[in-house]
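Here is the structure we will look at, set down as structure tokens.
Only a predicted model underlies this, so the values are computations on that prediction, with no experimental measurement involved.
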Amino acid sequence: MLAYIIRRLIGAVLMLLLVSLVTFGIFFWIPKLAGQTTDQLAAAYVGKAPTAQAIQDTKERLGLDKPVIVQYGTYLKGIVAGQDFKAGPVVDHCPAPCLGYSFRTSQPVLPQLMDRAPATLSLAAGASIIWLAAGISIGVLSALRRGSVWDRVAMVVALGGVSLPIYFTGLVSLAIFSYSLGIFPGGGSYVPFTQDPGTWFLSLVLPWVTLAFLYAAMYARLTRAGMLETLGEDYIRTARAKGLPERTVITKHALRSTLTPILTIFGLDLGLMLGGAVLTENTFSIPGLGQLAISSIGTGDLPVVLGVTLLAAFFIVMINLVVDLLYAAIDPRVRLG
């Protein structure tokens, strides 16, 4: 088990290096291939009337006058050992792990990400609990009552959940439950848990349900299909023939096999969610990583966009490592080697 974890951690580091290389190349190398000069890139961060001296100073300050491979090496060095950043006459030291400085605000990127991460974590954690519990429960009941009214209604609702975009269901829920009935606060009311737990909870109920509605619908359909396939297996018939209670057959034998692919997809979905539920955060004005990524893309703040991308990749890699370790617990046929 320990050797397996070490191998996966080494693989995770290599994967993050590859993601950082590709992302850095997309942001800093491809514009040059497309014909954009270093002066044009630097001018975007100077102001409305950039002078030649201001452009030259900006290039030196941001390191844009160096080859891309050198900039990438400096970026990696900052993650491992920290980085010095020249802000006017003052030299600022960014301690490791340093994800660079914002081109727009001249502030370190990592603290900005850490300020936004709690909002995204709150959104992802609550929504994932709802969608996992609701999706699996509905899928199992639909499979056990195949062809019944419950099954048909549940699958129609699930189809609606998969088909409707989040910004539509989010705006409809806001119009009904916030602005018409006044049950929940409107968009932009998010406050940190440490500041006011009650307001924090109420402000996230609609985003949780809206986000969970989409994913629960997908998981219900996947669980139903998996359960129907598993219930037809020989070992399920054998278990029933041995006289095991139906609850034991369903929960101990059928559901375990069904959960293995569900767990794989859950790991990917949760990792992507932690990278920033962009549409949900923008619909409900939640100051999370997704909203930060959108605003940074709009202003061309490449270090912040790169930081959000790497953080999302880190979450995905780590969660998938945990998912792989959980395989053996859920399905005894899986062995980690």
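- From Thr251, atom OG1 reaches atom CD of Glu246 across 9.5 Å, with rounding to the nearest 0.5 Å.
- Linking ILVMFWY residues whenever their side-chain heavy atoms come closer than 4.5 Å, directly or via other members, leaves Leu214 and Ile138 in distinct clusters.
- Once rounded to the nearest 0.5 Å, the distance linking CE of Met114 with CG of Leu311 reads 5.0 Å.
- Within a 6.0 Å radius of CD in Glu229, no more than 12 heavy atoms belonging to other residues, nucleotides or ligands are found.
- Minimum interatomic distance between Gln71 and Phe28 (heavy atoms only, all atoms of both residues): OE1-CD2, 3.8 Å.
- A distance-only check finds a donor-acceptor pair linking the side chain of Thr309 to the backbone of Val305 [under 3.5 Å].
- Proximity of a side-chain donor or acceptor of Ser295 to a complementary backbone N or O of Leu292 within less than 3.5 Å is detected.
- With hydrogens and angles disregarded, no donor-acceptor distance shorter than 3.5 Å links the side chain of Ser296 to the backbone of Asp301.
- For Leu228 against Ala143, the heavy-atom pair with the smallest separation is CD2-O, 3.7 Å.
- Counting heavy atoms from C-beta outward, Lys59 and Lys66 have side chains that stay 4.5 Å or more apart.
- Between Leu16 and Phe314, the closest side-chain pair of non-hydrogen atoms falls below 4.5 Å.
- Remark: the backbone N or O of Ser122 is paired with a side-chain donor or acceptor of Trp208 at under 3.5 angstrom.
- Within the 3.5 Å criterion, the main-chain N or O of Leu206 finds no donor-acceptor partner in the side chain of Ser173.
- Ring geometry for Tyr219 against Trp131 counts as tilted: the plane angle lies between 30° and 60°, on a 0 to 90° scale.
- For the pair Val140/Thr258, no side-chain contact is recorded, criterion being any heavy-atom separation below 4.5 Å from C-beta on.
- Between the Thr199 side chain and the Asp196 main chain, no donor and acceptor come within less than 3.5 Å of each other.
- Between Ser178 and Pro185, the shortest heavy-atom distance links the atoms OG-O, 3.1 Å.
- Side-chain atoms of Ser163 do not come within 3.5 Å of backbone N or O of Gly160 as any donor-acceptor pair.
- Checked against the 6.0 Å centroid threshold, Tyr190 and Phe284 do not count as a close aromatic pair.
- Of the possible donor and acceptor atoms, none in the side chain of Ser137 sits under 3.5 Å from a partner among the backbone N and O of Ala134.
- The salt bridge (Lys or Arg N to Asp or Glu O under 4.0 Å) test with Asp151 singles out one residue from Arg145, Arg146, Arg224, and that residue is Arg224.
- Taking OG of Ser142 as the start and CE of Met155 as the end, the distance is 3.5 Å to the nearest 0.5 Å.
- Judged by distance alone, with hydrogens and angles left aside, the side-chain atoms of Arg237 form a donor-acceptor pair with the main-chain N or O of Gly232 at under 3.5 Å.
- Cluster annotation: Leu259 is connected to Phe266 through the hydrophobic network of ILVMFWY side chains, with a link wherever side-chain heavy atoms come within less than 4.5 Å.
- Leu171 and Ile176 fall into different hydrophobic clusters, where Ile, Leu, Val, Met, Phe, Trp and Tyr residues are linked whenever their side-chain heavy atoms come under 4.5 Å apart, directly or through other members.
- Residues Met218 and Leu141 do not share a hydrophobic cluster, defined by chaining ILVMFWY side chains whose heavy atoms lie under 4.5 Å apart.
- In terms of heavy atoms, Pro97 sits closest to Leu110 at O-CD2, 3.1 Å.
- Atom OH of Tyr72 has more than 12 neighbouring heavy atoms from other residues, nucleotides or ligands inside a 6.0 Å radius.
- A donor-acceptor pair under 3.5 Å is formed between the side chain of Glu281 and the backbone N or O of Gln291.
- Grouping the Ile, Leu, Val, Met, Phe, Trp and Tyr side chains by contacts below 4.5 angstrom, directly or via other members, places Ile136 apart from Phe213.
- Atom-to-atom distance recorded for Ile316:CD1 and Leu270:CG is 10.0 Å, nearest 0.5 angstrom.
- Surrounding OH of Tyr179 are more than 12 heavy atoms belonging to other residues, nucleotides or ligands, all under 6.0 Å away.
- With hydrogens and angles left out, the side-chain atoms of Thr74 and Gln83 include no donor and acceptor closer than 3.5 Å.
- Side chains of Tyr101 and Cys94 form a contact here, defined as non-hydrogen atoms less than 4.5 Å apart.
- Taking both residues in full, the closest heavy atoms of Ser189 and Ser203 are given as OG-CB, 3.6 Å, listed atom of the first, atom of the second, then distance.
- Environment of CE in Met15: sparse, with no more than 12 heavy atoms of neighbouring residues, nucleotides or ligands closer than 6.0 Å.
- No more than 12 heavy atoms of other residues, nucleotides or ligands sit less than 6.0 Å from atom CH2 of Trp29.
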